[in-house]
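The block underneath contains the structure these notes are about, expressed in C-alpha cells.
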There are 2 protein chains.
Amino acid sequence: MTFDQLKTFLWVAKLGIIRRAADEMNLSQPAVSARIYALESELGVQLFTRQKTGVVLTKEGLLLRSHAEKIESYMELIKSELTPDEEVKGIIRIGVAETVAQSWLSDFLTALRKIYPKLVIELSVDITINLREQLLSRNLDLAFLMGPLTEGNVENIPLPKFKLNWFCSVNETSPDPSTSPIFSFSRLSRPYQDLVFELMQRYGSAGQIFPSNSLSTSFEMIASGIGIGALPAQLAHRFINDKRIKTFDPGWIPKDMLFTASYLNDPRSEITHQTAILAEKIATQNAAMIAAPANKTL
Amino acid sequence: MTFDQLKTFLWVAKLGIIRRAADEMNLSQPAVSARIYALESELGVQLFTRQKTGVVLTKEGLLLRSHAEKIESYMELIKSELTPDEEVKGIIRIGVAETVAQSWLSDFLTALRKIYPKLVIELSVDITINLREQLLSRNLDLAFLMGPLTEGNVENIPLPKFKLNWFCSVNETSPDPSTSPIFSFSRLSRPYQDLVFELMQRYGSAGQIFPSNSLSTSFEMIASGIGIGALPAQLAHRFINDKRIKTFDPGWIPKDMLFTASYLNDPRSEITHQTAILAEKIATQNAAMIAAPANKTL
DNA sequence: AGAGGTTACGGGCAGCGTAAGGATC
DNA sequence: GATCCTTACGCTGCCCGTAACCTCT
C-alpha cells in the first residue's frame, strides 16, 4: 500500500471517473486503473463497483476514504511544516480579476516570490465568471474574483472591498448617469448587472452602457469625453492626478465590489491555503495604504 | 515521500542506529541510509544528526515523527479494518510458556488458524525469562508468559491464572513438603523462587527441589513416587484420571501463576493485538470449561 | 462514434544488494 | 580491529505509457 495508491484512490473516489482522475494526476488512464487494482488486490477488497458511467465506492471504499483522507492531511501537514519555504517547489495557477490585477496584484506577487522563490506562478487575468469556471474545473488552483463562490467544496477568504465611484472627463460640465453613455465592466459581471438594475430602479431605464473588460481602456475613453464611468475609485488616481478625469456625485454610487480569494479544498493543498492567506494580508495592507493618502487625491 | 520512507524513518528514530533498523526491516544498511537521505532531501531538512554512536533526531525530526506515527497508525487501521481476515498474510512469532503450551495453546492455535488461515505461525516454547528476552529483542511478536513485563513499551493483557496444587503418587501415604523432594519449575522461574521462599518461611529450610522445564516429565516422576510436586492443578487431570497421582493438602498451597499475553507496541501491529485478544478469550473459555467438570476429577 | 474501462507489452528508472571506503573509538 | 555510516556500481523489477480491445449508449 503506497501513498501514491491512496492519493489516486482519493481522486478516483472524488471524481467518480477513472479517466478524469488520470487527467487530474497527469497519468495515463491504465496507470490509474492499475493503481486501484493493486490497492484492491492488496487489501483483498473491492473498493469500487465498475459501472458504465464510471465507478462508485463500495462500503469498504467509503471506509478507506475516511482513513485515507486523514493520512493525506497529515502528509500535507508534514510538507508544509517541514519544508523550508524557500525550498517549496511546484506550480500554482492563479486566476485574477482585472480590478485586482490593477491594484494589489504586483505587491502580492512580489511578496509571494519572496516567500517561495522556487514556486512557479501561472497567472491568468479574466472576468470572474470565467475564473469561476476554470477554478471549478480545476484548471486554476486559486482565484481572486468577485465571490464568494457558493459551491460546497470551495473555500472563500474575504478580501478588501473595492468602492466604485462615478468618473467623467475633467471637461465634462453636466455628467448624468441617466443620459450619458456609461463605461462599466463586462456584460457578464456583477457590477454591470448591478448597474443596470440601479439605473432601471432610479431612472426607469438604462441608457447606453459600454461593457469593457479592460479597465484602463475604460478610463481612457472616459478621459477623452466619450462617456462617464462607474469604476473602482482606487484605480482612478493616475488619471485624476493627471487631471484627465474627475469624480462627480449624481447622488448615489453603485454597490461595492466584493472580492474573495477562492480555492477548491479537494485535497487541501497547504501551499494554496497559505498563498490565499498571504493575498488577504497584502490586499488588506494595500487597502490601508491607499486609504491614507487617498483623501487628498479623491 | 513514500510510506516506506516514513516507516523506515520511524524505525531509525526508534532504534537510533541505522544498521539496527536495517536488520529489523530486512534491508541492507545502505538501503536504509538512502531512504533517510531521500526523505531529508525531499523535505529539504536534516532529520538526524549523525554521530559516532548512531543517529539522533533533530527538532525537525521530532516534528516529523509525531506526524509519521499518526500516519502509520491509520495505515494499520486500514489494513485491519479492510483486509478480510482470511486474506491476512504474514508471519507471527509467538513464544509460549510450557504451562500454557500444555493447557489452552492447541485450542488457541486452532481458533487462530480458523480466523487467519494464511497467517504463518512460528511457535517457540520456553521458560518465561527466555521468552522475555526474545520479545524485547524483537525476535518474538507475542509471548504468553508469567507477566506482566514492566518495560515501558510492552503491552500486557492479563490471562487466566493457573492454580498450583500439591501432588504425589497414589501410593504415597505421608507426603510432606518439608521432607519429600519437590518437583517444580525451572530454577529461574517465579514459581520455583516463590516455592523456595515459602518453604523457608514455613519450615525454616527448603529441602530438595527438582527444577524441571518439562511438566509432563515432572508428573511422570511424581507418579513413579520419586517425589511430590507443586504444579498446575489444571494439567494434572490425566494422571489423576489414570489413578497414578493424587492431590494432598499440607495446609497451604503455593501462589497462583499469573500469565499475560505480552507484546511490544513499537509500531503497533494490529494483527498482534488481535491475536493477543483472541488468546485472552480462548484462555478464559478454557479456564471456565475446566472449572465445571473439574470438580469431580480433582 | 464517443465515453468509459481492461488487457498486452516494451522500456526506463527507482531502489536494492554487494563491496569498498572513511571516520572514530 | 570493531562499529557505524557513506559512496560506488550493476542489476532487477516495478510501473508507466502506448496501443489495441471491449462494452454500452
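- Panel note: side chain A:Asn156, backbone A:Leu149; a donor-acceptor pair is recorded below 3.5 Å.
- With sequence neighbours excluded, the residues satisfying salt bridge (charged side-chain N to carboxylate O under 4.0 Å, His left out) with B:Glu151 are B:Arg132.
- Taken residue by residue, residues 50-62 of chain A places heavy atoms nearer than 4.0 Å to DNA chain D at A:Lys52.
- DNA chain D lies under 4.0 Å from at least one heavy atom of each of the following residues of residues 20-35 of chain A: A:Asn26, A:Leu27, A:Ser28, A:Pro30, A:Ala31, A:Arg35.
- Side-chain atoms of A:Thr83 do not come within 3.5 Å of backbone N or O of A:Ser80 as any donor-acceptor pair.
- Nucleotides of DNA chain D that come within less than 4.0 Å of any heavy atom of chain A span, from the 5' end to the 3' end, D:dC16 to D:dC24.
- In terms of the salt bridge (charged side-chain N to carboxylate O under 4.0 Å, His left out) criterion, A:Arg190 has no residue partners (sequence neighbours excluded).
- Within 6.0 Å of NZ in A:Lys14 there are more than 12 heavy atoms belonging to other residues, nucleotides or ligands.
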Donor-acceptor list for residues 42-51 of chain B side chains, cut-off 3.5 Å, not counting sequence neighbours:
residue	atom	partner	partner atom	Å
B:Glu42	OE1	B:Met1	N	2.5
B:Glu42	OE2	B:Met1	N	2.6
B:Gln46	NE2	B:Phe48	O	3.0
B:Thr49	OG1	B:Val56	O	3.4
B:Arg50	NH1	B:Glu40	OE1	3.3
B:Arg50	NH1	B:Glu40	OE2	3.0
B:Arg50	NH1	B:Phe48	O	3.3
B:Arg50	NH2	B:Glu40	OE1	3.3

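- Although no hydrogens or angles enter the test, the distance criterion places no donor-acceptor pair under 3.5 Å between the side chain of B:Glu133 and the main chain of B:Asn130.
- In this structure, the salt bridge (charged side-chain N to carboxylate O under 4.0 Å, His left out) partners of A:Glu87, at least two apart in sequence or on a different chain, are A:Lys118.
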Show me the side-chain donor-acceptor pairs of residues 90-100 of chain A shorter than 3.5 Å, one per line, residues at least two apart or across chains.
residue	atom	partner	partner atom	Å
A:Arg93	NE	A:Asp141	OD2	3.1
A:Arg93	NH1	A:Arg138	O	3.2
A:Arg93	NH2	A:Arg138	O	3.1
A:Arg93	NH2	A:Asp141	OD1	2.9
A:Glu98	OE1	A:Leu215	N	2.8
A:Glu98	OE2	A:Gln102	NE2	3.1
A:Glu98	OE2	A:Leu215	N	3.1

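- Within the 4.5 Å cutoff, the side chain of A:Leu119 has no heavy atoms near those of the A:Lys89 side chain.
- An end-to-end axis angle of 10° holds for the helix from C:dA1-D:dT25 to C:dC25-D:dG1, taken from five base pairs per end and rounded to 10°.
- Not a single donor-acceptor pair under 3.5 Å links the side chain of B:Gln29 to the backbone N or O of B:Arg19.
- Residues satisfying the salt bridge (charged side-chain N to carboxylate O under 4.0 Å, His left out) test with A:Arg20, not counting sequence neighbours, are none.
- In terms of modelled atom types and a separation under 3.5 Å, the side chain of A:Thr260 and the main chain of A:Pro158 share no donor-acceptor contact.
- Per the geometry, OH belonging to B:Tyr37 stands 16 Å off P belonging to C:dC16, to the nearest Å.
- Counting to the nearest Å, the C1' atom of C:dG15 and the CG atom of A:Asp4 are 15 Å from each other.
- Residues of residues 6-17 of chain A having a heavy atom closer than 4.0 Å to DNA chain C, listed by number: A:Ile17.
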Worksheet item: Which is it for B:Glu72 and B:Leu6 under the side chain to side chain contact (heavy atoms under 4.5 Å, CB included) test, yes or no, and what are the steps along the way?
Response: CA-CA 8 Å; B:Glu72 191 180 45; B:Leu6 285 188; over 6 Å; no
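- Partners of B:Phe144 under the ring-ring contact (aromatic ring centres under 6.0 Å, His included) rule, at least two apart in sequence or in another chain, are B:Trp104, B:Phe108.
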